[in-house]
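Model, not experiment: these values are computed from the prediction.
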Amino acid sequence: MIHSNTEQPQDSITLMNGAVLECFPKESHQGDFVPDKMKLDATDTYLSIGNKPCKPQPKATEERERQKQFFTDNAFYLLAHSERIMRDSRMFLAPVAVQNGLAYTGTSGFLAPTLGIYLEWWNECSIALRTDEDGKRSLVFHLAGSPLSGANHCAEVYEDGKVEHIQVSLFINHWRPFTAINTRYDEAKHTYQAYTLEQVLEILHAEDGEGWDYSAEINERFMQSEINELKKKVERLTKESNKWYSMYVDTYMKYKDAEISEAFSAFQSFRENTETQINSIKIRKRALKAELKKGSINNIVYQRTLTPLNKQIRDLEFNVSTKKYELINKYLSEGISYDTIESYMNNKNNIKK
């Protein structure tokens, strides 16, 4: 059951997308809850100093290795069923037998990942969904490295289940969201019931209908991932572009200060004089209307007198627009807008005050 997160009910978890899932407490007492807090790693398992190699990780049990391979063999299928899995807390909390690690902190922040945590991470961390030059798609699923140096020993799984060790770029951008999402559900993992991966897959296979399209789901996930990455790139480039443009404007305006100040002042004077003329005509229009109301003139005389007054106002307003255009056109080729000039002059005048 998915609730809105305005009032979170008891025995529930709130997902990254704001959905609230009903949870089912474990029947037996699980002991005291201990948060998966970051702590220094004294094992040397995930950290090498100088020429000193990392200590080999303890050999995993055959069952754990089987569970790990079971996850990688079905990773893409599970990704394609993200929406369904996100609607059931027992699916979301299904444990995944992958032990990630971090230099300096070992497994801190990585303990007991679940299926839902991987799905949320793949959704949040777009760069964990990879497509190579040949169009082959893979999912980063194992993280081990240093957020300080960026050195890492990670792994990815391809659609056919093949696993390869890789070094990812921007390791910190992989690690940070994973640990944030994983530790978000620490207490839930300790408190609430969870299916096994086998049970999750059994349910999903039973629910798959003839209309379900695996390829369409995976294509959508990877295309959305690419869109998200492009949006982030646009945001970064826009921010960088704005920074350099601001520096350029500041330099250019100071270099051309005298010239721009003179041109802007001339335009301002012209506009003020024109506005005075326009206001004078508007006063005449109000007086003319008052004469019409008093009956001093008839409507024909009123309209004949009003028409040329309105034309004078339009002509004066057009003259202001023309002068403004000339000022804009003079500096537009240099990448300087009228708003930039006006803002610069206003700031300059405020400083003088």
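Remark: E229 CD is packed, more than 12 non-hydrogen atoms of other residues, nucleotides or ligands lying under 6.0 Å away. Within 6.0 Å of the CD atom in E207, the count of heavy atoms belonging to other residues, nucleotides or ligands exceeds 12. In this structure, Q268 places its CD atom where more than 12 heavy-atom neighbours from other residues, nucleotides or ligands lie under 6.0 Å away. The local environment of CG in L237 is crowded, with over 12 non-hydrogen atoms from other residues, nucleotides or ligands closer than 6.0 Å.
Ring orientation note: the planes of W121 and Y118 are nearly perpendicular, at an angle over 60° on the 30°/60° scale.
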Could you give me the CA-CA distance, side-chain angles and deciding distance for L309 and K282, then say whether side-chain contact (heavy atoms from CB on, under 4.5 Å) is met? CA-CA 8 Å; L309 293 178; K282 288 180 177 179; over 6 Å; no

Can you check side-chain contact (heavy atoms from CB on, under 4.5 Å) on I260 and I341, steps first, answer last? CA-CA 8 Å; I260 290 174; I341 294 173; 3.8 Å; yes

For I297 and L288: C-alpha separation, side-chain torsions, deciding distance, then whether side-chain contact (heavy atoms from CB on, under 4.5 Å) applies. CA-CA 9 Å; I297 58 174; L288 186 66; 3.5 Å; yes

Could you walk me through whether E220 and Q224 pass the side-chain hydrogen bond (donor to acceptor under 3.5 Å, both in side chains) check? CA-CA 6 Å; E220 181 183 350; Q224 190 60 55; over 6 Å; no

Might you work through the side-chain contact (heavy atoms from CB on, under 4.5 Å) test for F24 and D11, ending with a clear yes or no? CA-CA 7 Å; F24 307 90; D11 292 328; over 6 Å; no

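Remark: K323 is positioned above the aromatic ring of F270, its terminal NZ or CZ atom under 6.0 angstrom from the ring centre and at most 45 degrees off the axis. For the pair K324 and Y338, the cation-pi criterion (under 6.0 Å, within 45° of the ring axis) is fulfilled. Cation-pi geometry between R137 and Y158 is not met: the NZ or CZ atom fails to fall both under 6.0 Å from the ring centre and inside 45° of the normal.
Of all non-hydrogen atoms in P25 and Q193, the two that sit nearest each other are O-NE2, 3.0 Å. Annotation for I13 and A188: closest pair CG2-CB, 3.5 Å, computed over non-hydrogen atoms. What you find for L21 and M86 is that their closest heavy atoms are CD2-O, 3.1 Å. Residues L111 and Q99 share a closest heavy-atom pair of CD2-OE1, 3.9 Å. Here the shortest heavy-atom pairing between A112 and N182 reads O-OD1, 3.8 Å. Here the closest non-hydrogen pair linking G150 and F171 is O-CB, 3.8 Å.
The side-chain heavy atoms of F110 and V98, taken from C-beta on, include no pair separated by under 4.5 Å. Looking at heavy atoms from C-beta onward, V249 lies in side-chain contact with I336 at the 4.5 angstrom threshold. Side chains of V157 and S138 form no contact here, defined as non-hydrogen atoms less than 4.5 Å apart. Side chains of V200 and L78 form a contact here, defined as non-hydrogen atoms less than 4.5 Å apart. Looking only at side-chain heavy atoms (C-beta outward), R130 and V168 come within less than 4.5 Å of each other. In this structure, the side chains of Q167 and C154 stay at 4.5 Å or more apart for every pair of heavy atoms. Inter-residue side-chain proximity for T274 and I278 is flagged as met; some heavy-atom pair is nearer than 4.5 Å. For the pair M91 and L204, the minimum side-chain heavy-atom distance is below 4.5 Å.
The hydrophobic cluster containing M223 does not contain I218, counting ILVMFWY residues as joined when their side-chain heavy atoms lie under 4.5 angstrom apart, directly or transitively. One hydrophobic cluster holds both Y214 and I85 under the rule that ILVMFWY side chains link at heavy-atom gaps under 4.5 Å. One hydrophobic cluster, built from ILVMFWY side chains closer than 4.5 Å, cannot hold both M16 and I127; they sit in different ones. Cluster membership check: V301 shares its hydrophobic cluster with L306, using side-chain heavy-atom separations under 4.5 Å among Ile, Leu, Val, Met, Phe, Trp and Tyr. Y245 is connected to Y331 through a chain of hydrophobic side-chain contacts under 4.5 Å among Ile, Leu, Val, Met, Phe, Trp and Tyr, so both are in one cluster.
The distance from the CD atom of E22 to the CG atom of D88 is 9.5 Å, given to the nearest 0.5 Å. A distance of 9.0 Å separates CG of N152 from OG of S146, quoted to the nearest 0.5 Å. Taking CD of E124 as the start and CG of N173 as the end, the distance is 12.5 Å to the nearest 0.5 Å. One finds the CG atom of L129 at 10.0 Å from the CD atom of E226 (value rounded to the nearest 0.5 Å). Rounded to the nearest 0.5 angstrom, D315 CG and Q312 CD are separated by 8.0 Å. Atoms CZ and CG, from R304 and N299 in turn, are 11.0 Å apart once rounded to the nearest 0.5 Å.
Here the side chain of S265 pairs no donor or acceptor atom with the backbone of E262 at under 3.5 angstrom. Put simply, the side chain of D250 never gets that close to the backbone of S246: no donor and acceptor are under 3.5 Å apart. A donor-acceptor pair under 3.5 Å links the side-chain atoms of Q199 to the main chain of T196, judged by distance alone. A donor-acceptor pair under 3.5 Å is formed between the side chain of S321 and the backbone N or O of E317. When atom types are taken as modelled, the side chain of T191 and the backbone of E187 share a donor-acceptor pair closer than 3.5 angstrom. N123 contributes no side-chain N or O that, together with a main-chain N or O of L119, makes up a donor-acceptor pair within less than 3.5 Å.
Residues satisfying the side chain to side chain donor-acceptor pair (under 3.5 Å) criterion with R221, sequence neighbours excluded, are absent altogether.
Side-chain N/O atoms of E291 and S296 include no donor and acceptor closer than 3.5 Å. Using modelled atom types, one finds no donor on one side chain facing an acceptor on the other under 3.5 Å when comparing Q69 with E65. Counting only N and O atoms by type, the side chains of T340 and S337 include a donor and acceptor under 3.5 Å apart. At a cut-off of 3.5 Å, with distance as the only test, a side-chain donor of Y344 or D257 sits close to an acceptor on the other residue.
Using a cutoff of 4.0 Å between basic side-chain nitrogens and carboxylate oxygens, K243 and E240 are scored as salt-bridged. Salt bridge present: E198 and R66 bring a charged side-chain N and a carboxylate O closer than 4.0 Å. Salt-bridge formation is detected for the pair E259/K256: a Lys NZ or Arg NE/NH1/NH2 atom is positioned less than 4.0 Å from an Asp or Glu carboxylate oxygen. Taking 4.0 Å as the cut-off between side-chain N and carboxylate O, E164 and K162 count as a salt-bridged pair. Taking 4.0 Å as the cut-off between side-chain N and carboxylate O, K136 and D134 do not count as a salt-bridged pair.
The ring-ring contact (aromatic ring centres under 6.0 Å, His included) contacts involving residues 77-96 comprise Y77-H81, Y77-H205, Y77-W212, H81-W212, F92-Y185, where partners must be two or more places apart or lie in separate chains. Sorted pairs that involve residues 283-329 and meet ring-ring contact (aromatic ring centres under 6.0 Å, His included), not counting sequence neighbours, are lacking altogether.
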